[in-house]
Each structure stands twice: as C-alpha cells, then as structure tokens.
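Letters A, B, ... are given to chains in the order of the sequence lines, protein chains preceding strands, and every chain is numbered from 1.
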Number of protein chains: 2
Amino acid sequence: MTFPALTRLAQTSVPGGTEVRDEESSVHDQVYEALANRLIQGQLPPGKSVSLRTLASGLGVSPMPVREAVRRLIAQKALELQPSNKRLRVPSLSEDRLRQLMMARQWVEPELAFRAVAAMTRDVIAELKADDQRLMAALGKGDVDGYMQANHAFHFRIYRLAQADLFLDMAKTLWLQSGPFMRVVFGRLGTVQLPQDHHQELIRAFETGDAGAVRQHMSDDVHEGMELMLEALKG
Amino acid sequence: MTFPALTRLAQTSVPGGTEVRDEESSVHDQVYEALANRLIQGQLPPGKSVSLRTLASGLGVSPMPVREAVRRLIAQKALELQPSNKRLRVPSLSEDRLRQLMMARQWVEPELAFRAVAAMTRDVIAELKADDQRLMAALGKGDVDGYMQANHAFHFRIYRLAQADLFLDMAKTLWLQSGPFMRVVFGRLGTVQLPQDHHQELIRAFETGDAGAVRQHMSDDVHEGMELMLEALKG
DNA sequence: GCCTCGAAAATGTGATCACAAAATGGGAAA
DNA sequence: TTTCCCATTTTGTGATCACATTTTCGAGGC
C-alpha cells in the first residue's frame with residue numbers, strides 16, 4: 001500500500017520553501033486527488049487504518065497538507081475518525097447506510113444522466129464506447145482494478161456533461177463512500193458474475209437522444225450494482 | 001461581525017499547551033460548529049469575505065484549527081476559495097445552483113420526515129410546538145434572526161429522529177449552502193409575507209402518525225420556501 | 001481633485017515543533 | 001507457552017514560523 005510520491009512535488013523544500021503558486025494546484029489539492037482516487041477505486045479497504053504521517057511521508061510532503069485533505073475527506077464521509085481512538089480509518093458500511101447510499105445514488109445519478117443528454121456529442125460517445133471496451137476487457141481478464149477504473153470513467157464522463165455542479169459533487173461524495181466496499185464485493189465475487197451492464201443500452205439511448213431511456217437505464221445500472229453490494233453485505 | 005470567543009477554550013495556551021482531551025470536543029470541532037451555526041442562520045451574507053487569521057483571533061484560537069474547520073466547510077460548499085485570489089468567502093448562489101439545491105432538499109427532507117414518523121414521541125411533538133411558537137413570535141416581531149433559528153430547530157428536530165445519518169448529513173450540507181441566501185431573502189421581504197407555514201399541518205400529521213401526509217407537508221414547506229428564494233433571485 | 005506608484009499590512013500555504021494519549025513490542029513472571 | 005507490565009514509538013492536535021502573493025492605503029505628481 002505504498003503511495004507513489006506526487007511527481008509534481010519533487011522540488012520540495014525547506015520551511016517556507018520556494019513554490020510557484022500560479023498555474024499549478026496546491027499540494028493539498030494534489031494530496032486530496034491522490035487519496036480520493038484510491039478511495040474511489042477501492043484501493044483502501046473498509047476498516048483500513050491510515051495515519052497522517054505515514055501518508056505524508058509516502059507522498060513526500062509534510063503532514064500539513066495531508067491534514068487538510070483528510071479533513072475534507074472526513075467531511076465527505078470518505079474517511080472517519082474513530083470516536084474512541086481519534087484515529088483515522090476507512091469507514092465500514094452498515095446495511096442501513098448502504099441502503100441510504102443506494103437510494104441517494106439512484107436519485108442523483110439518473111438525474112445527472114438525464115441532464116447530460118442535451119450536451120452529449122459524438123466525440124464523447126466515442127469516449128464512452130472506449131471506456132466500455134476497457135471495462136469489458138478488464139472483465140475478461142478478471143482485472144477488478146481495471147473494471148473499477150473504467151466504470152468510474154464511464155459514469156463520470158457522463159455526469160460531467162450535466163452542467164450541474166451540486167449534483168456532480170453529491171455523486172462524487174457518494175462514490176467516495178461506496179468505492180472501498182464496492183471493490184471488496186467485486187473482488188470477492190470475482191469478475192465473472194458482475195452485473196449485466198447497461199452501458200450499451202445507455203450509449204444507444206444517448207445516440208438517439210432519448211432522455212427518458214437514459215434516465216431509466218442509468219437507474220437500472222446503479223440499482224443492479226448496489227443490489228449486488230447489498231447481497232454481499234447480508235450474505 | 002465580531003465572534004464571541006469560544007467560552008470552552010478560555011484556558012489557552014502556549015505552544016503544545018496543556019489540554020484535557022477526553023470528554024470535550026476538539027477546538028477544531030468547536031470552531032466548525034461556531035462557523036456552521038452562523039452560516040446556517042445566515043449571519044454571514046453571500047459574498048462576504050472572511051480570513052483565517054481574523055476568524056482565529058475573533059475566536060481566541062490559533063489559525064490552525066480554523067484552517068481545518070474552513071477546509072471542512074469548503075468541502076460542503078458552505079465556503080469557497082476564489083480561484084483568482086485564493087481568498088476565502090461565502091459563496092453566492094446562481095439561479096441554476098439554487099434550483100439544484102431546491103431539488104435536492106425536496107428529495108431528502110420529505111424522506112427524512114417520513115422516516116421520523118416511526119420514532120416520533122409526545123415529548124418531541126411538544127418541543128416541535130414550542131419551536132413553532134417561537135417561530136410565530138419571531139414573525140410577529142419582525143425578528144428575522146429569531147425566525148431563522150426557530151425554523152432550523154423545528155426542521156432538524158424532526159430530521160434527527162429519522163435515524164438516517166447519510167440523509168441527515170446531506171440535509172445539513174444543503175442548509176449550510178442555502179442559509180446565507182435565505183437570510184438575505186427573508187430580510188429583504190421583511191417577515192410579513194413569509195411563506196404560509198405548513199408546520200401546523202406537519203405537527204398534526206405526526207400526531208396522527210400519517211406518514212404520507214408528513215412527507216407531503218414537508219415537501220410543500222420546502223418547496224414554498226425555496227420558491228420564495230427563487231423569485232427573490234430573479235426579481 | 002484625481003490618478004499613480006510603492007511601502008506596509010494582511011492572507012493562504014506549507015513546514016516544523018511540542019505535547020498528551022494511544023498503540024506497540026519485548027522481556028519478566030507465572 | 002501464556003500473561004502482564006513498562007518503555008518506546010506512533011498518532012492526532014494545536015501553535016508558531018517562513019514565504020510568496022495580494023490587498024490596502026497614503027504620499028507625491030499631474
């Protein structure tokens with residue numbers, strides 16, 4: 001679970017070091033993106049404990065920007081402070097919480113897809129098809145990580161088109177929360193019986209501009225994935 | 001716009017000072033609560049710029065815990081960093097964003113109210129009635145701040161009963177985002193033509209245990225308030 | 001009077017230090 | 001071997017320092 005150091009940050013840097021601020025995002029942002037990616041892709045399992053200093057040295061930065069990134073992730077419930085310890089870890093999901101997650105995702109993501117219809121272009125559809133091919137290829141190879149990444153790329157390529165920042169943020173937060181658990185479930189099941197993907201139908205609906213069908217297929221896709229997680233949690 | 005110092009924090013404190021950690025929340029949490037309250041009650045107008053050091057000295061703490069609280073509020077879109085400046089301020093709402101806020105609130109809050117029905121007790125109903133009386137009294141006096149506070153108390157007294165942490169967090173975030181703007185609108189309108197409140201009907205529905213009616217009345221209440229904001233934004 | 005320019009103050013960001021509490025680990029006792 | 005205890009290490013938290021950038025504001029020139 002070592003983290004590749006942030007390449008952009010090579011040139012650190014004694015106290016109050018000499019950074020060029022313009023045109024590049026802050027260290028805090030880079031740390032946040034690095035952690036968020038790993039969470040969404042499920043590279044940090046639920047219950048995994050993490051620590052500021054470990055993360056910081058792994059990324060080659062001081063604990064300071066890590067604290068801010070972590071605080072942000074805690075606000076999104078993507079990390080939590082154990083009340084007893086005050087120690088940091090990746091949260092586990094109760095069935096109750098998973099059900100709420102499922103309901104929320106099923107509300108916001110079809111809406112995002114619906115709104116994306118108007119902004120859809122041939123180019124983006126081509127990219128979606130590429131995402132879906134990567135996804136199917138990963139399925140074929142039993143590559144769970146590849147599946148997780150391609151699935152994420154596919155969905156958020158759509159959501160970004162919706163021009164709905166608030167909803168997009170909600171979706172990001174919900175994925176951050178479900179990522180670790182989703183990875184465990186899919187890893188356990190193997191990639192064989194992964195959900196019948198509705199991506200093909202989704203793409204077709206985008207091509208014909210049928211917004212109602214887009215909404216429905218996205219709803220089905222989310223529903224099926226979450227149902228799988230629910231079964232895994234109970235079983 | 002001075003902030004009363006955090007009373008609990010009187011005993012600060014040279015570097016690495018001597019704090020008692022157990023049983024009391026961290027300074028960061030207290031700062032967060034202080035800021036969140038002021039935002040929800042609309043005491044910080046949209047566009048208002050704030051600064052870490054000013055907040056810190058106003059609260060009698062070092063900038064450190066304020067940075068973490070602020071980072072958390074930024075994650076909730078209750079504060080924002082201006083991209084040009086990297087300076088901190090209370091966000092303004094576009095019509096587009098307000099509409100998304102409205103849709104989200106209208107999805108999650110009726111659901112929370114619906115779930116609260118099962119856990120409702122005579123005691124809580126009595127407290128709700130007290131909240132509503134405070135609200136009406138504030139209305140009579142033209143006391144916008146009192147209205148904001150009583151309204152918030154009323155709603156979240158219900159939502160807390162729902163035993164749905166994720167939804168509750170979503171509602172908190174949404175209120176944090178709408179608070180500043182709501183205060184401006186109600187302040188501009190005066191308290192005269194505030195929305196016909198549905199609180200009485202809501203209380204009655206809780207008393208009879210009619211969950212469907214609870215959901216409907218909450219939906220109406222949220223809808224009406226947000227419509228008022230929408231008109232104010234356009235007009 | 002109005003504008004311009006430069007010095008001073010303020011601000012966000014990152015690094016480092018200090019401290020209390022919790023976790024860890026290894027050796028002694030049973 | 002197992003269990004208990006204490007020293008060492010690790011961890012989160014808050015304060016402070018250093019630095020580059022931006023804002024502020026008053027003096028001087030038109």
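- Between A:S51 and D:dT11 there is a side-chain polar atom (N or O) within less than 4.0 angstrom of OP1 or OP2.
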Please step through side chain to side chain contact (heavy atoms under 4.5 Å, CB included) for the pair A:M103 and B:F167, ending with a clear verdict. CA-CA 10 Å; A:M103 287 185 62; B:F167 292 163; 4.0 Å; yes
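- A donor-acceptor contact under 3.5 angstrom links the side-chain atoms of B:R53 to the base of C:dG12.
- Side-chain atoms of B:S62 lie closest to D:dG14 of the nucleotides D:dG14, C:dG12, C:dA15.
- Atom pair A:L59:CG and C:dA15:C1' shows a separation of 16 Å (rounding to whole Å applied).
- Under the 4.0 Å criterion applied to side-chain N and carboxylate O atoms, A:D165 and B:K77 are not assigned as salt-bridge partners.
- B:H152 and B:F156 have tilted rings, their planes meeting at an angle from 30° to 60° on a 0 to 90° scale.
- Distance B:R72 CZ to D:dT13 P: 11 Å, rounded to the nearest Å.
- Following rounding to the nearest Å, B:M64 (CE) and C:dT13 (P) show an atom-to-atom distance of 11 Å.
- Nucleotide D:dA15 holds its P atom 14 Å from the CG atom of B:L55, rounded to whole Å.
- With distances taken from any side-chain atom of A:L81 to the nucleotides D:dT13, C:dA15, C:dG12, the minimum falls on D:dT13.
- Between B:K48 atom NZ and C:dT11 atom P the separation is 12 Å, expressed in whole Å.
- Distance from the side chain of B:N85 is smallest to D:dT22 among D:dT22, C:dT16, D:dA15.
- Whole-Å rounding puts the B:K86 NZ to C:dG12 P distance at 12 Å.
- The side chain of B:P65 lies closest to D:dG14, out of C:dA10, D:dG14, C:dT13.
- When rounded to the nearest whole Å, the span between CG of B:L79 and P of C:dT11 equals 15 Å.
- Residues A:P63 and B:R87 both approach DNA chain C. Their nearest nucleotides, taken by heavy-atom distance, put B:R87 toward the 5′ side.
- Note on ring orientation: taking the six-membered ring where Trp is involved, the planes of B:W175 and B:H155 are tilted (angle from 30° to 60°).
- Nucleotide C:dA23 holds its P atom 11 Å from the CZ atom of A:R89, rounded to whole Å.
- For the OP1/OP2 pair of D:dT10 and a distance below 4.0 Å, the side-chain nitrogens and oxygens of A:T54 include no atom meeting the criterion.
- The side chain of A:E68 lies closest to C:dG14 when the candidates are C:dA15, C:dG14, C:dG12.
- Closest to the side chain of A:L88, from the set D:dT11, D:dG12, C:dA10, is D:dG12.
- Judged by distance alone, with hydrogens and angles left aside, the side-chain atoms of A:E68 form no donor-acceptor pair with the main-chain N or O of B:R67 at under 3.5 Å.
- Counting atom types as modelled, B:R67 pairs a side-chain N or O with a base atom of C:dG14 as donor and acceptor under 3.5 Å.
- Side chain A:R71 to base D:dG12: no donor-acceptor pair is found below 3.5 Å.
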